[in-house]
Amino acid sequence: MKPAFHHCLHVLLISEEEAQWLRLYIDEPAYTDLHWGMFIPAIEEQGTEEQKEKWLPLAQKMQIIGCYAQSELGHDSNMKGLETTATFDPQTDELILHSPTLTSSKWWPGGLGKISTHAIVYARLIVCGQFHGIH
């Protein structure tokens, strides 16, 4: 008999408890580790109430799979060295993400980078031509 989470795993709808069992039985890091350990906590701790209301239920039910895109190929986790920019466009009320070089490519280990549907992206924030730090 297959474990209860077997079917759900194929459609990416496993619970946090099932993900913990998965980690225990496999005894290897799983793609769900960063989703539960970094993506969801980043929303919980840094999101606005509106963002939490929209994104947390989807993430907790694994209707979206999130990654945490901080590291860059040429800089690992050196935040001061990040090259990726997020430029605010007031015309569209959007952030335009740009990784201008090979070394600025977002880089993370494991399968989460292959199957994630959403990301928390760290970049250099630029508003009206002014740099406002890493966000």
Of all the heavy-atom pairs spanning Leu73 and Leu102, show the shortest one and how long it is. CD2-O, 3.7 Å

Mind listing the closest non-hydrogen atom pair of Ala42 and Tyr68 along with its distance? CB-CE1, 4.3 Å

Side chain Ser116, main chain Ile65, donor-acceptor under 3.5 Å: no

Supply the atom-to-atom distance Ile40 CD1 to Leu58 CG, rounded to the nearest 0.5 angstrom. 10.5 Å

Residues that Ser77 engages under side chain to side chain donor-acceptor pair (under 3.5 Å), provided they are two or more places apart: Ser71

Out of curiosity, Glu44 CD to Phe39 CZ, how far, rounded to the nearest 0.5 Å? 11.0 Å

Look at the side-chain heavy atoms of Ile, Leu, Val, Met, Phe, Trp and Tyr, link any pair under 4.5 Å apart, and say whether Ile126 and Leu95 land in one connected group. no

Run the side chain to side chain donor-acceptor pair (under 3.5 Å) test against Ser105 and tell me which residues pass, sequence neighbours left out. none

Mind checking what makes side chain to side chain donor-acceptor pair (under 3.5 Å) contact with Gln51, not counting sequence neighbours? Thr48

Those residues that, when tested against Thr84, pass side chain to side chain donor-acceptor pair (under 3.5 Å) (two or more places apart): Glu72, Ser99

Does Lys52 have any salt bridge (charged side-chain N to carboxylate O under 4.0 Å, His left out) partners at least two apart in sequence or in another chain, and if so, which? Glu49

Search all heavy atoms of Arg124 against all heavy atoms of Leu82 and return the closest pair with its distance. CD-O, 3.0 Å

Pairwise distance OG(Ser104) to NE2(His75) - rounded to 0.5 angstrom: 6.5 Å

Residues in side chain to side chain contact (heavy atoms under 4.5 Å, CB included) contact with Val121, at least two apart in sequence or another chain: Ala69, Leu97, Lys106, Ala119

Check side chain to side chain contact (heavy atoms under 4.5 Å, CB included) between Pro57 and all other residues, then give those that pass, not counting sequence neighbours. none

Determine all donor-acceptor pairs shorter than 3.5 Å in which one atom belongs to a side chain in residues 127-135; sequence neighbours excluded.
residue: His135; atom: NE2; partner: His132; partner atom: O; Å: 2.8

Taken to the nearest 0.5 Å, the spacing of His35 NE2 from Ile64 CD1 works out to 7.0 Å

Results of side chain to side chain contact (heavy atoms under 4.5 Å, CB included) for Asp89 - residues two or more places apart only: Gln91, Thr92, Ile96

Sorted by chain and number, sequence neighbours left out, side chain to side chain contact (heavy atoms under 4.5 Å, CB included) with Gln46 holds for Tyr122

